[in-house]
Amino acid sequence: MINMKTIISKENMERETFVFYRSYFDAIELLSKKNRLLAYEAIAKYALTQEEIQDLPPQVAIILKMAKPNIDATIRNYKIGRASCRERV
């Protein structure tokens, strides 16, 4: 049986890929060029390393805050999937 607490509490591992939704793109397109770059960087950094960039402009922080639940769910599902594969071996 998979122990969810163990999977979720394990040290964060860096990932090689992440899902980037059209809704992220559409929201980011409404930002200034400077803030667009920050938003792309903030989402990519969080999705790949689970690290947040500090002191983001409010508009960028809102975009990241809206993307985080999807990113977190994807990471959680990825970890659960990896754990269940290890159990089958």
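Keep in mind it's a predicted model, so treat the numbers as computed, not measured.
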Query raised in the report: Using 4.0 Å as the upper bound for N to carboxylate O, is an ion pair formed by Glu52 and Lys68?
Result: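 A salt bridge links Lys68 with Glu52.
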**Report entry** Nearest-0.5 Å distance that lies between atom CD1 in Ile53 and atom CD in Glu41
**Finding:** 5.5 Å
Report summary line: CG (Asn70) and CD1 (Ile43) are apart, to the nearest 0.5 Å, by 10.0 Å
Query raised in the report: Is there a side-chain contact between Thr74 and Phe18 (heavy atoms, below 4.5 Å)?
Result: no
Show every donor-acceptor pair shorter than 3.5 Å between a side-chain atom in residues 25-37 and any protein atom, with sequence neighbours excluded, or say none if there are none.
| unit_1 | atom_1 | unit_2 | atom_2 | d |
| --- | --- | --- | --- | --- |
| Asp26 | OD1 | Arg22 | NE | 2.9 |
| Ser32 | OG | Asn35 | N | 3.2 |
| Arg36 | NE | Leu31 | O | 3.0 |
| Arg36 | NH2 | Leu31 | O | 3.3 |

Query raised in the report: Does the pair Phe20 and Tyr40 meet the rule for a side-chain contact (heavy atoms from CB on, under 4.5 Å), with working shown?
Result: CA-CA 10 Å; Phe20 191 89; Tyr40 286 125; 3.5 Å; yes
**Report entry** Nearest heavy atoms of Tyr24 and Val19, plus distance in Å
**Finding:**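 Looking at all heavy atoms of both residues, the shortest contact is CE1-O, 3.9 Å.
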Query - Leu56 versus Ala42, closest heavy-atom pair with distance - result: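 Heavy atoms only, the tightest pair is CD1-CB, 4.0 Å.
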Query raised in the report: Are Leu38 and Met66 co-members of a hydrophobic cluster defined by side-chain heavy atoms under 4.5 Å apart?
Result: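 Result: no, two separate clusters.
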Report task. Following the transitive rule for hydrophobic clusters with a side-chain heavy-atom cut-off under 4.5 Å over Ile, Leu, Val, Met, Phe, Trp and Tyr, establish whether Ile71 and Ile62 coincide in one cluster. Result -> no
Requested in this report: Please test Arg15 against Gln50 for side-chain contact (heavy atoms from CB on, under 4.5 Å), starting from the C-alpha separation and ending with a verdict.
Outcome: CA-CA 9 Å; Arg15 300 178 63 214; Gln50 290 77 60; 4.1 Å; yes
